[in-house]
2 protein chains.
Amino acid sequence: MTVTLADVAARAQVSPATVSRVLNGNYPVAAKTRERVLRAVDELDYVLNGPASALAAATSDLVGILVNDIADPFFGIMAGAVQSEIGGQPDGRAGGERLAVVCNTGGSPEREITYLTLLQRQRAAAVVLTGGAVENPAHVEAVSAKLRRLADAGTRVVLCGRPPVPGTDAVAITFDNRGGGQRLTEHLIALGHRRIAYIAGPEERTTTRHRLEGHRDALAAHGIEDDPRLTVHGPYDRRSGYDATLELLRRDRSLTAIVAANDTVALGACAALRDEGLRIPDDVSVAGFDDLPFSIDAVPALTTVRLPLAAAGARAGRIAMGREERPPGGIATVQGELMVRGSTAAPRG
Amino acid sequence: MTVTLADVAARAQVSPATVSRVLNGNYPVAAKTRERVLRAVDELDYVLNGPASALAAATSDLVGILVNDIADPFFGIMAGAVQSEIGGQPDGRAGGERLAVVCNTGGSPEREITYLTLLQRQRAAAVVLTGGAVENPAHVEAVSAKLRRLADAGTRVVLCGRPPVPGTDAVAITFDNRGGGQRLTEHLIALGHRRIAYIAGPEERTTTRHRLEGHRDALAAHGIEDDPRLTVHGPYDRRSGYDATLELLRRDRSLTAIVAANDTVALGACAALRDEGLRIPDDVSVAGFDDLPFSIDAVPALTTVRLPLAAAGARAGRIAMGREERPPGGIATVQGELMVRGSTAAPRG
DNA sequence: CTGTTAGCGCTTTCAC
DNA sequence: GTGAAAGCGCTAACAG
């Protein structure tokens, strides 16, 4: 029923081994033979059996990409960039191509481990973990153990937008979330703000913690008290920004600026402020983080910290494919760039 | 070096066959034996070899999802929804789980075919094609042939947000783009607009054509001339909306409304209008399509057509897994809902 | 440059 | 309920 390598070999009057060599192109084959084989492949409409080939060669052309939420452009951009680099030579033929297995963890530690196991089962050629990590000690250890196993099995592991995992030698492309957070809050302070609220991401996450720490560093550096009532935690979504803003306003109507954990949250905050009849930035300044594509079109345009998501993803992809050397020490820190736009201004009065 | 089924069998003092049966759980195994096997699996930290198992069983647990652009939430939302439905029972264990292979075609017909071949090679359990299709006859035929082959090989094929492919019996969940486009333009006409510009998507695409046809249907139904100078084509991105708007304004400063191919394009249009000193909707009304999450936060909030992307993706996922019956005739049309918001109003004067 | 020969690690009849 | 044995389709030494 289904055409196999042997069928092609028979038709081309060569041995299966030769067909395999032609298809993989890693071996010298006479031009005429190769042509004959290729013709047979075409005529028979033959498609290689991936699992069989993976089994025999003990490698696969699958690359895993772990993301928190594929519907979030933050992850989509990185995933797309990784994928654009893992493909084979752009010769159109379906050879040498690698497939991206995108795994949506939803931020759940259990799913993260489950997916890593599944990828290990597939004998993935590489795995790229994107976004912040959960800091729970048990989970950190579990991830570390998994990554070690994967590496032992020959899977290349790269972290993108995530801090290094202790106990592994996985390459890490990390974002300087702390520095970005600090510059953002410093910008607000320079503008004259003192009552600055902070809508943080979910607890126990590296990204959340680093950005928040940067914010606090800035406050401390300027002798501004860090009022715990001005910090609220929530998921990285619009709703969280909306609700948190209402809550913050309830707690302290005198706040003059809101820094959000990311741009999506910031948009929610803007919506809440408008619904409360407050103007941005006249009454309250708002800032985000990431500089996602829609942020520049917000009205007013959102002040934020631009993260080179596509560049980082592409680099992670290249390293995962062994096409770029690992950075010194196995870790590369990428800076965010402060983008000052219309959503922040000096406080009134 | 690497632990195999045989190792587990030896340790549990059973045959490899029994271990396989325990792991797959499709066969009766004595409770005590099963327990012994599971313990051995744990102790040895054994992970099934996916390729080997796929080869022997002639099936894999990979599900392909073709998208135009994973960084675009339009596709990210559908892909995420598909993925949420293809997972196994949510029992935490890594069994019965299916992995989503997300393939970024970038809208290129060649890459679409390449990826379908790659998925065929992987013996994917199912393939979901999302978004509009390229209408080039040669490509349509190529896709049709590929899908037939996939189906023959036992891969379930589902189209999500894409019209049926002739010559195949792939299930199609399609969006009523035409109806949506029509209602949108009718809304504008009802408001009093007559000079309505249209920024269409790329040519030769079903989505582009259907939305545009809906727009023209509405114009025709109201006896409004369809001035070809008021239609511009471009990719589905912000830049296209921006540039097209400038071009349209250059051609005819008297236009009072702009309908964009989708929300992203609409945002670009809004930006261009603002840069030209025009107010929305006072000077020019703007409408989008899709109702992506950020559209409600645009200022003014974007009038658009809401597509139930997540619901459609989830349904496609369920059908792909055989967990939901195919709709009558193999095709289900999903309506879009007109969302009237602040970006559209009656023309001045 | 090409053919021969063993497996890769698992599933699955078929017996017991 | 469990074991034995025969492949699944391909790759990778080895020869030649």
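Worth knowing before you read on, the calculation uses all heavy atoms, side chains too, and leaves out hydrogens, waters and symmetry mates. In what follows, chains are A, B, ... by sequence order, proteins preceding strands, each numbered from 1.
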Could you pick out which residue, B:A30 or A:A52, lies toward the 5' side of DNA chain D when each is mapped onto its nearest nucleotide?
B:A30

Residue mapping more 5' on DNA chain D - nearest nucleotide basis, B:P28 or A:V47
B:P28

How about B:E43: does its CD atom have over 12 heavy atoms from other parts shown lying under 6.0 Å from it?
yes

Return the value, rounded to whole Å, for the distance between atom [atom1] of [X] and atom [atom2] of [N].
{"X": "A:L55", "N": "D:dG7", "atom1": "CG", "atom2": "P", "value": "17 Å"}
{"X": "A:L5", "N": "D:dA12", "atom1": "CG", "atom2": "P", "value": "12 Å"}
{"X": "A:L23", "N": "D:dT11", "atom1": "CG", "atom2": "C1'", "value": "12 Å"}
{"X": "A:Y27", "N": "D:dA13", "atom1": "OH", "atom2": "P", "value": "7 Å"}
{"X": "B:N49", "N": "D:dT11", "atom1": "CG", "atom2": "P", "value": "15 Å"}
{"X": "B:N26", "N": "C:dC10", "atom1": "CG", "atom2": "P", "value": "16 Å"}
{"X": "A:Q13", "N": "C:dG3", "atom1": "CD", "atom2": "C1'", "value": "14 Å"}
{"X": "B:D61", "N": "C:dT11", "atom1": "CG", "atom2": "C1'", "value": "14 Å"}

Would one find a side-chain N or O of [X] under 4.0 angstrom from OP1 or OP2 of [N]?
{"X": "B:T33", "N": "D:dG1", "value": "no"}
{"X": "A:T18", "N": "C:dT2", "value": "no"}
{"X": "B:T4", "N": "C:dC8", "value": "no"}

Side chain of B:R21, heavy atoms from C-beta onward: which of D:dA12, D:dG3, C:dG9 has the nearest atom to it?
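Minimum distance to the B:R21 side chain belongs to D:dG3.
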
Among C:dT4, D:dT11, C:dC10, the one nearest A:S15 by side-chain distance:
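Shortest atom-to-atom distance from the side chain points to C:dT4.
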
Side-chain-base donor-acceptor pair under 3.5 Å for B:R34 and D:dG1:
no

Donor-acceptor pair under 3.5 Å, A:R123 side chain vs C:dG9 base
no

In this structure, CE of B:M321 is separated from CD of B:E85 (nearest 0.5 Å) by 10.0 Å

So which atom in B:V82 and which in B:G313 form the shortest heavy-atom distance, rounded to 0.1 Å?
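Distance-wise, the nearest heavy atoms are CG2-O, 3.4 Å.
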
For A:V14 and for B:S20, locate the closest nucleotide of DNA chain C by heavy-atom distance; then report the residue assigned to the nucleotide nearer the 5' terminus.
A:V14

Non-hydrogen side-chain atoms of B:P327 and B:R315 separated by less than 4.5 Å:
yes

State, with a plain yes or no, whether a side-chain heavy atom of B:Q122 is found less than 4.5 Å away from one of A:D61.
yes

Just checking A:A17: base, sugar-phosphate only, or nothing, at a heavy-atom cut-off of under 4.0 Å?
base

